[in-house]
Amino acid sequence: MENTLLRLLLLTSVCSCLVLAAMDSCYDEQGSLSRCLPKFENAAFNKTVTASNVCGLPPEDYCMQAGPMHSCHHCDASDPQQHHNVTYLTDFHSHEESTWWQSQSMFYGIQHPTSVNLTLHLGKAFMITYIRLKFHTSRPESFAIYKRLEEGGPWIPYQYYSASCKKTYGKDAKEYIRPGDDERTALCTDEFSDISPLTGGNVAFSTLEGRPSAYNFDRSPVLQEWVTATDLLISLDRLNTFGDEFFKDAKVLRSYYYAISDFSVGGRCKCNGHASECLTGDDGQLVCACQHHTDGADCQKCQPFYQDRPWARATADSANECRSCNCSGRTDECVFDAELFRSTGSGGRCVNCGDNTDGPHCERCRDNFYRAYQGDVCLPCNCSVLGSSSLQCGNDGLCHCRQSVTGEKCDNCQPGFHSLGPAGCRPCECHPSGSVSSCSPLDGQCPCKENVEGHTCDRCKPGSFNLASDSPAGCESCFCFGHSVACASSSRYSAISLTSDFVEDPDGWIGEFSGGLESHLIWKEGEVYLLPYSEDDIGFYKAPETFLGNQLLSYGQLLAITFVAESPELLPRQLTLVLQGSDVTVSIDFSPEPSLHSVQAPQRTFSLRLNERGGGLSPPLTALEFRRLLFNLTALKISNAGGHNYTSQLSGVTLSSAAPSRSPNAPAPWVEECTCPPGHAGQFCEHCAPGHKREVPNGGSFVRCVPCACNQHGDCHSETGVEGLSCDSCRKGFFGFSSRGCRACNCDPMGSITMQCHSNGTCSCREGFVGNKCDKCELNYFHNRATHQCEECPVCYSLVREQADNLQLRLQSLEKLLGHYSCRGRQGPQQHPLQGEDTLPNALEDFLAIQEAREAFVSQFTQLEASARTLAVRLRSVIKAMNCSSEGNEEEGRRRVCGALTRPAASVSAAQVELRKAIHTLGSMVIPFEVPKGPNQWNVLVNESQVLGKSHKEAASHIESIAKKALMASNQTYSLLMALLEDNSTEVHIRSLTDQLLEMHQAKQNLTAQANETLSEAKEAYRSIQRDSAQIASALVNFTASLQHRTNDSQLSLVQEQTEDLINRTGELKLQVQSNEELVLKIEEGLAPHIESAQKHAETIQKFDQLSAGILATKAAALSSVVKGKEVESESSALMKGLEDMRKEWPRMHAQTKAAVKKERMVEERILGDARKKAKQAERIVKPALDNSTLSNSTASQAKSLSDTVSKEAKETCSQAKSTKRASVQLSSSVDAVLQELEYQEHRAAQMQMDGTNETEDTVVGMSENIEAAKLKLETYSMTLTELLSKIEREVANEKFHRILRETETWLGFLRHSVESPALSGKIQALHDAAQDQEAQILQVDRDIEEIKEERRSLQDIVLHLPQGCAEVSKVGKL
């Protein structure tokens, strides 16, 4: 068996040399990469083994099969001197005095089928060469070896040992592996299952023995996996016995148990040829120090950026190092791509390429990126998804566009296309007549002409008609005499041309010079010309009646004027056209069209479109003014372009127009068909409808029509307005029926009881008022401007009454004096006896009233302007407080409130400007004093103006009061907000305000709608009042102007008519003012609560918004504090976790420390015990060494006795003794190693001698030489030890001893304080205790030796008393 064991070890050694030869470098002699392997070692040394069973739990007795008298011993797992724990499996092993692990005996049921398992955890994957077990008892009858390929993996059978392979493991003992079989099959052998030897039997398992591919290991992945293991399991299944356990003798049962003295595993740390050593990692696990750019615990993979080829084990032929990926410097990440490797030989596919690159090696730009030169950063193409045929652009960055798409990125439509979409751009559909250019490329919106609208400019704006391409505005504005803005093209007209071709005669054209001087034209067939009157007056060609009159049907049409000359150079380059009509004169300068040369003579045509949009029109006119001009065109003049030399002649004039006709051949779509408002009729709304009349009698077609007041019992004249059942009476508010109509009463609304006057035009006055129109205060009454009432004068008035009476008398005398002059005779026969007032006094009164009215107006308008300015300032402050000027997304309700405030503010500002203008106009007005030629209504007009001013002032006061309320509400809001901010119950307010806000939003929307409606009505009333005021002011100015121009009797009737018309109109305005005042009051009354409620809600909303902003800020601060608190909490948690981990780790560390100290003590004790044992062995083997050891002990004893007398000398001698002792231990270890090697070599020599081969003889000779060398080395060590001990023993001179003592004294002085330390005393005491324990252990060892001797004698007795049939067994035992 021992020979077989040696043969297995030899095979293992050979395989190790051939396959796993140790290498300490990953580079060869030339510096090239090569395979490298960690050192070959005993992987089980000092590793922890776990056992499923161990003796001494509970303490028990066991007996020996060998030795005299079957000596028995005691096993106690808790006693360091009597335990046989698993630590003895992998410790330092000695043949002479070995330690062993031991299981419980058969007495405790340890026998098949109960197994005992030993598990060895290697810490990482190893490549196992052999597994060796040395049994302290006889080898088991059956046991198995298992392995794991990874931690936690399944146990895989490695090898079976059994004398009954078939029965126990179902395996054939003679089975072997043939080439082609699975070489990972576990075999079973009965070679190591005999009961002998009873102790010291070895079992060695070579992992590669019997494997056909063992000599081709590098190319056999199966065997590479076979030799790999992370854990080993020894399953001890059946004990070997003599059969005497059948009698159940306790001593016999206690003699059968498992005991293993050594468990060694030969192998290398598995690094797959990419590392020369294994190190302990940061996590305490064993890992390979990988080279060749490999990674992993076993160097089983490539580093992340070294994936260019697949990972492979290093072999003797190739290092198979991992190669770096080629990523063009764009990334440091790649993966292995097997398909790429097969196709290109480079398998590293780069990932996360930078600079927008792509490809296996980041060698190209990503899709939809480009670069002009290799090596540049790739830039995005940014091709439009909609407009590009491909999102990939060229190297120049230009994209490939679809049809109708343009731009570098294909993101714009070509001209004439719009709305870039998935199918490209769509063609523009702009109407050619209504658009000015191509459509917008974004949305297809066509740019429309001035009066055209629609997405494609295909319809006229409201108020215009006739979409035409030749119209600059696209459509013509509706005329309708200003009464309607709804019209369409008429189908009842056809186009005609008014033409003068001068073929037969001048066709009614004449020449005109300055001062209206007319002259005939010189006619020539087909042309006319005009001789200049002087150098400064070359004259005009004046058109005949054909081109004059109502030419509204030619509005917007072409007027073509053609001149001819002898040569092109003589043709005119500019022409002036003069149009006169409706008291308006305009001139138009324009240039010709491109010259056209006929066969007869050169000619040039000037074309002009008759509308207000001509660039050379002077002065500029509006559309209505220009049409008013064409409505009554009185003159059309063309400048004499021939000049002084009449170098060119007028050869033709053509004006496009229309005439009633239904011919479809020449339609005239520029003629309008109006949709008239109520009260108007006619194609152009030029007539009043039945039951309506002109607002201004005889005002013409431009004057508005108003309903007749005939109570549905008659009709009125549409131009004069005369009405009644028989049209023979005046309506309410009028008097003085005549053929020319009725005159307005014009009763003062403040002083009159009713607005209806008497038949003579006098009014019924209130108390305190006098005058025909009740527009003056009675004697001893004065006019209160605040109330517009005549109030009784105070008592103090009596002080000035006399002076007033005197002044009145003087005025009466002045009137009499003036009455003597016959002024009335020059005024003609027209008298007004019904008026009851003298002309001159009335003129004076009117003059003074006008002066007073002007001053009153100036004063009131100044006050109104100041009030408006104050109101504007306050409105601006409210708008600013509402933050209406800020940009951004505002709430809908807030935006409406801001709009409701902004629009009145703008109106107030506009009113302020108008008031300033009115103040300036009144201040600069010059009021002439002339004796009127008829009765006047100045006082009435003044009173009406005062009433209007009063209403304006009241409106301003009302607005001012609203502003004050708004200011007060804002102040209340501010106070409430401050109170809320100071209050800590914010959340309560938030909840309540949120509920209120939902209600207020609904109420605010309703109120906003009502306020907007009411405000629009108020604005309309305000604008109406402004229009009325403007009309009154205009009437005043016109009347004043008429007074200034009334210088002859021939104009008297016209003045009288104007005066009467003004009186009538003033009366109507008065009634309208009253109705407007009532409407304004109603509106104000209805608006006031709504405005107040809206303001309150707006203030509440503003308050809520401000409070919400403060809450949000507080919330943000709170969240910030929470975040900081969370950070602090996180840090504290991390710190607490660290402390908790330290607290949890501390017991373990403390236990480890204690265990380490205990282990250190046990190791120290074991080493000391081993040292003593080895010393005894050395004493038996080498006598000189024993003698020297004895001499050393004697010398140490002498040194110790010497130290007892002299402390310093004793301590020094003790130190030297300890040093000598350490040297002895080291020497003993060396001797023991030599002896172990000697024993091993002797066994091998014996085995080889039995083989009897020449090769074995050579090996034996070599071993003999090694033995001789070992003996020489041993003798050298013995001599060294003898010399050392002799030096200690030798008597030294006194001076040398004193020198030693001085040195010792120096050291003792240095260590004195340490010696006096209590801790050191405790340590010394501990050393004394340890020495006592050591002596006890030595005694125990002596007892063990005696027991072994007794067991030996017992075994000899057993052999002697065996039956005769056991003789062969006896012989085997002797071997």
Side-chain angles (χ1 to χ4, degrees), residues 462-463 465 477-493 549-550 552-553 555 582 624 627-628 630-632 658-662 668 671-745 755-756 1020 1024 1027-1028 1031 1057-1058 1060-1076 1079:
F465 72 104
S477 300
C478 293
F479 174 55
C480 303
F481 285 93
H483 302 313
S484 175
V485 293
C487 65
S489 295
S490 176
S491 60
R492 297 182 294 172
Y493 285 79
N550 185 357
L552 284 175
L553 300 180
Y555 176 79
S582 301
L624 183 62
R627 290 187 178 186
R628 188 188 295 268
L630 293 181
F631 176 65
N632 185 22
S661 174
R662 292 188 178 273
V671 180
E672 64 183 357
E673 184 95 25
C674 298
T675 301
C676 301
H680 295 80
Q683 179 181 349
F684 310 107
C685 304
E686 71 274 19
H687 304 301
C688 286
H692 292 75
K693 64 176 182 178
R694 294 293 177 190
E695 187 176 22
V696 177
N698 299 316
S701 299
F702 289 94
V703 178
R704 184 167 62 96
C705 296
V706 296
C708 297
C710 296
N711 296 317
Q712 298 181 355
H713 295 295
D715 201 357
C716 64
H717 192 276
S718 61
E719 297 296 330
T720 62
V722 177
E723 62 182 357
L725 182 61
S726 300
C727 296
D728 56 354
S729 63
C730 294
R731 62 181 179 180
K732 186 177 181 180
F734 291 80
F735 78 101
F737 174 80
S738 68
S739 60
R740 301 182 60 182
C742 299
R743 292 177 292 173
C745 290
M755 299 302 295
Q756 181 61 49
E1020 184 63 27
S1024 176
R1027 287 196 299 270
D1028 294 342
Q1031 290 176 358
E1057 292 178 358
Q1058 292 178 352
E1060 292 177 353
D1061 293 338
L1062 179 61
I1063 291 172
N1064 293 333
R1065 188 172 180 183
T1066 305
E1068 294 175 356
L1069 291 175
K1070 190 179 199 178
L1071 294 175
Q1072 186 174 0
V1073 167
Q1074 288 180 347
S1075 62
N1076 288 339
L1079 178 61

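- Not less than 2.5 angstrom separates the SG atom of C487 from that of C480.
- Judged by distance alone, the side chain of H680 and the main-chain N or O of C705 form a donor-acceptor pair under 3.5 Å.
- Rounded to the nearest 0.5 Å, atoms CZ (F479) and CG (L552) are 5.0 Å apart.
- In this structure, the side chain of R694 engages the main chain of V703 through a donor-acceptor pair within 3.5 Å.
- Proximity of F735 to C730: side-chain heavy atoms (C-beta onward) are nowhere separated by under 4.5 Å.
- Residues passing the side chain to side chain donor-acceptor pair (under 3.5 Å) test with R492 are E673, Q683, sequence neighbours excluded.
- Sulfur-sulfur distance for C685 and C674: not below 2.5 Å, with no disulfide indicated.
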- Task: List the steps, then state whether ring-ring contact (aromatic ring centres under 6.0 Å, His included) holds for F631 with F702.
- Result: CA-CA 11 Å; F631 176 65; F702 289 94; 5.6 Å; yes
- For C708 and K693, run side chain to side chain contact (heavy atoms under 4.5 Å, CB included): C-alpha distance rounded to whole Å, both residues' side-chain angles, the deciding distance at 0.1 Å, then the answer. CA-CA 6 Å; C708 297; K693 64 176 182 178; 4.1 Å; yes
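- Atom NE2 of residue H687 and atom NE2 of residue H692 lie 15.5 Å apart, to the nearest 0.5 angstrom.
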- Task: Begin with the C-alpha distance, continue with both residues' side-chain angles, and end with the deciding distance and a verdict on side chain to side chain contact (heavy atoms under 4.5 Å, CB included) for C478 and E672.
- Result: CA-CA 7 Å; C478 293; E672 64 183 357; 4.0 Å; yes
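- Q756 contributes a side-chain N or O that, together with a main-chain N or O of G733, makes up a donor-acceptor pair within less than 3.5 Å.
- Distance check, rounded to the nearest 0.5 Å: CZ of F684 to OG of S701 gives 11.0 Å.
- Here the SG-CE distance, from C745 to M755, works out to 8.0 Å after rounding to the nearest 0.5 Å.
- Summarising the geometry of A658 relative to V671, their closest heavy-atom pair is CB-CG2, 3.6 Å, with the distance given to 0.1 Å.
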